[in-house]
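Below: one structure, written as structure tokens.
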Amino acid sequence: MEYIILAILFLLSGFFMKYSDDLFDDKQDLKFASVFGVLCAIASAGATIYSTEAAYIFIAILLGNLIALKVDGIHHVITLLLFVLLCLVFGIPELSYVILLICILAALGDEVGHELISKVTDNKFLNLFFEYRFVMKVVILLLAIGDIFSIWIFLCFLSFEIAYEFAGIIFERFN
């Protein structure tokens, strides 16, 4: 049951994150981008509070994006503040700084690679690898293979990624 709840929270978080970004970036719709950002913050914080493994992932995504200067709209600031507030109020599990740093570097690598790789190479593999942000997927899989994370959290993370991509498809089709 635990992983069903986590999978739902990961799915919702991924969907709301992408939809919020697309509403702001493509439609300049601050109101609904912020609403979807709030929903993303609630789902992400819920997973973070509920699971140590999810905490590593969502805190790393937040910090990786912050370091990469991808928090670039008020909807992101609202999402970030609500996420932090919920985590402070309800508490997060104790984390290893080493594992957190590994996850932050993976998230940062995804964000930097996503923005830059197509500008420096025509290599199709590298472009696809970074377009779909595979650094964190590989790192989470390796942590699962190394028995630091469970394989189930890797599957939950994949559900986040699938929902993120699905939200982009839905947005393009209906907006």
Side-chain angles (χ1 to χ4, degrees), residues 1-22 33-68 70-71 75-114 129-130 132-168 170:
M1 184 66 167
E2 172 185 344
Y3 287 107
I4 293 172
I5 293 168
L6 277 176
I8 291 168
L9 292 171
F10 271 84
L11 279 165
L12 292 172
S13 178
F15 186 89
F16 294 145
M17 184 180 294
K18 178 64 172 167
Y19 215 81
S20 172
D21 282 347
D22 284 352
S34 297
V35 168
F36 279 95
V38 164
L39 294 172
C40 175
I42 292 168
S44 300
T48 298
I49 294 160
Y50 191 73
S51 162
T52 303
E53 296 165 315
Y56 284 114
I57 292 168
F58 285 110
I59 292 170
I61 290 171
L62 171 77
L63 293 175
N65 277 278
L66 199 57
I67 295 166
K70 298 286 283 203
V71 178
H75 68 297
H76 285 152
V77 174
I78 292 167
T79 304
L80 181 147
L81 291 174
L82 181 58
F83 175 84
V84 170
L85 179 66
L86 290 170
C87 288
L88 288 173
V89 168
F90 293 100
I92 61 170
E94 189 173 322
L95 303 175
S96 158
Y97 292 123
V98 172
I99 301 301
L100 183 58
L101 181 61
I102 290 167
C103 292
I104 292 168
L105 291 173
L108 181 60
D110 275 337
E111 292 307 320
V112 171
H114 182 76
F129 187 85
F130 285 104
Y132 292 101
R133 296 176 171 95
F134 267 92
V135 176
M136 190 123 173
K137 291 175 191 72
V138 169
V139 167
I140 301 301
L141 178 60
L142 290 174
L143 289 170
I145 290 170
D147 207 28
I148 295 166
F149 283 5
S150 69
I151 196 67
W152 296 109
I153 206 70
F154 173 71
L155 295 174
C156 287
F157 184 61
L158 286 182
S159 73
F160 167 90
E161 295 288 339
I162 290 166
Y164 184 92
E165 293 301 325
F166 183 70
I170 295 295

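For this chain, numbers begin at 1 and follow the sequence in order. Below, each value reflects all heavy atoms present in this structure, side chains not excepted, and no hydrogens, waters or symmetry copies. Keep in mind it's a predicted model, so treat the numbers as computed, not measured.
- In this structure, the side chain of E111 does not engage the main chain of G64 through any donor-acceptor pair within 3.5 Å.
- One distance of note links CD1 of I140 with CD1 of I57; it measures 4.0 Å at 0.5 Å rounding.
- Here the closest non-hydrogen pair linking C156 and A7 is SG-N, 3.6 Å.
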* Before giving the answer on side chain to side chain contact (heavy atoms under 4.5 Å, CB included), spell out for Y56 and L143 the whole-Å C-alpha distance, their side-chain angles and the decisive distance to 0.1 Å. => CA-CA 11 Å; Y56 284 114; L143 289 170; over 6 Å; no
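- Note: F10 and F58 have tilted aromatic rings, judged against thresholds of 30 and 60 degrees for the angle between ring planes.
- S51 places no side-chain N or O within donor-acceptor distance of the main-chain N or O of A47, the cut-off being under 3.5 Å.
- Of all heavy-atom pairs spanning Y164 and K18, the tightest one is O-CG, 3.1 Å.
- Contact between V135 and F129 at its shortest, heavy atoms only, is CG2-CE2, 3.5 Å.
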* To do: Quick one: do E53 and W152 satisfy side chain to side chain contact (heavy atoms under 4.5 Å, CB included)? Show the steps, please.
  => CA-CA 10 Å; E53 296 165 315; W152 296 109; over 6 Å; no
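- The structure places OG1 of T48 at 5.5 Å from CD1 of I59, a figure rounded to the nearest 0.5 Å.
- Note that the NZ atom of K70 and the NE2 atom of H76 stand 8.5 Å from one another [nearest 0.5 Å].
- Rounded to the nearest 0.5 angstrom, I148 CD1 and I153 CD1 are separated by 14.0 Å.
- With a 4.5 Å cut-off on side-chain heavy atoms, L141 and I151 count as touching.
- Residue F160 holds its CZ atom at 9.0 Å from NZ of K137, rounded to the nearest 0.5 Å.
- Scanning both residues, M136 and C103, for their nearest heavy atoms gives SD-O, 3.8 Å.
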What donor-acceptor contacts under 3.5 angstrom involve side-chain atoms of residues 91-98, with partners at least two apart or in another chain?
residue	atom	partner	partner atom	Å
S96	OG	V98	N	3.3
S96	OG	I99	N	3.3

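- Residues H114 and F130 share a closest heavy-atom pair of ND1-O, 3.1 Å.
- Ring pair F157/F149: centre-to-centre distance not below 6.0 Å.
- Judged purely by atom type and a 3.5 angstrom limit, T79 uses its side chain to pair as donor or acceptor with the backbone of H75.
- For F36 and F15, the ring centers are positioned 6.0 Å apart or more.
- Every side chain to side chain donor-acceptor pair (under 3.5 Å) that Y19 has, sequence neighbours left out, goes to N175.
- The nearest pair of heavy atoms linking L100 to A60 is CD1-N, 4.3 Å.
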